[in-house]
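Indexing begins at 1, ligand by ligand and atom by atom, following the structure's order.
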Amino acid sequence: MVARGTRARLARLAGLGAGAAALMTLLGGCDVGSAFKGFGWPENGITPQANRMYDLWIGSVIAALVVGVFVWGLIFWCVVRYRKRGDELPVQTRYNMPMEFLYTIAPILVVSVLFYYTAIVQTDVDRTSKTPDVIVETVAFKWNWQFNYRDGIGTDANTIASTLGSSDVIPVLVLPTGKRILFEETSKDVIHSFWVPELLFKRDVFPGNIRNQFEVSSIDQEGSYVGRCAELCGTYHSMMNFELRVVSPEKFDQFIEAKQDGATTQQALTQIGEEPLATTTKPFPTKRDVANFNSTSGE
Ligand SMILES: [Cu+2]
């Protein structure tokens, strides 16, 4: 009896394991998550990297749910099957080798599968190439951003066009769709963090010699997306917004040309038929006046 029960349980476990593995594989491309609002994960990613992270999350949640439902089932089954029937205590020392073995192997398998897919997606998100189509030097400072379009990678490359934010004008980072874009980050003072929620990605911006990089293999959707600093960097950290404006490659080329001809970012945006000012965020009142500072007149 016991042996047959154990064997049935083993078979059920093995079946579930295989099912979970098959699910994880299947979920590589499909979109089960949209029925459940992404299981809490943002669904508005605009890069292939963002979509792969989304798929990883959906696969992981479904694998966790499969394991969870199985464990909940076991708990309720034990509660009913081995409920108290009389005053006689059951045997207090007993073990079951196959079950003990399974308790060890199953978690290792689950963790291995999760690790495998995480490593693959992470490697893809972290990948940078030697020949990106567009290189943007992202310069953070207290408390704004400068975006330099570069003709190469590293500090030896030259800036061919630049956009600088101020307290009055939100910096607009114009980028093309369908191009491989490398971001090279550097800070003038403290640690900031470059974050566009729709990239589903942020990376710290360090001062000094470390130039953090990340790359998107393409941006798939035109539009305006708010960008923020995601590392508490001082008094006006919350006001350190920028806008990512994704346009067609043709418009992008015209934008860079206009900038190189001496146009301001706002003039160049107007020339390519885009809104000259940021549409997703606006400058904050910094209230940097005498009322903010301690009085020095001794009152
Ligand atoms: Cu900052």
F242 and F194 aromatic ring geometry - parallel, tilted or perpendicular at 30°/60° bounds: parallel

Residue list, salt bridge (charged side-chain N to carboxylate O under 4.0 Å, His left out) with R203, at least two apart or on another chain: D126

Qualifying residues under salt bridge (charged side-chain N to carboxylate O under 4.0 Å, His left out), relative to E137, sequence neighbours excluded: R150, R211

Fellow cluster residues of F141, listed by chain then number, with links counted only when side-chain atoms sit under 4.5 Å apart: L164

Please determine, by modelled atom types, if T265 and T163 share a side-chain donor-acceptor pair under 3.5 angstrom. yes

Quick check on salt bridge (charged side-chain N to carboxylate O under 4.0 Å, His left out): which of R127, K130, R180 does E215 satisfy it with? R180

Ignoring waters, protein N/O/S atoms under 2.8 Å from the Cu ion (ligand 1) are H192 ND1, C229 SG, C233 SG, M240 SD

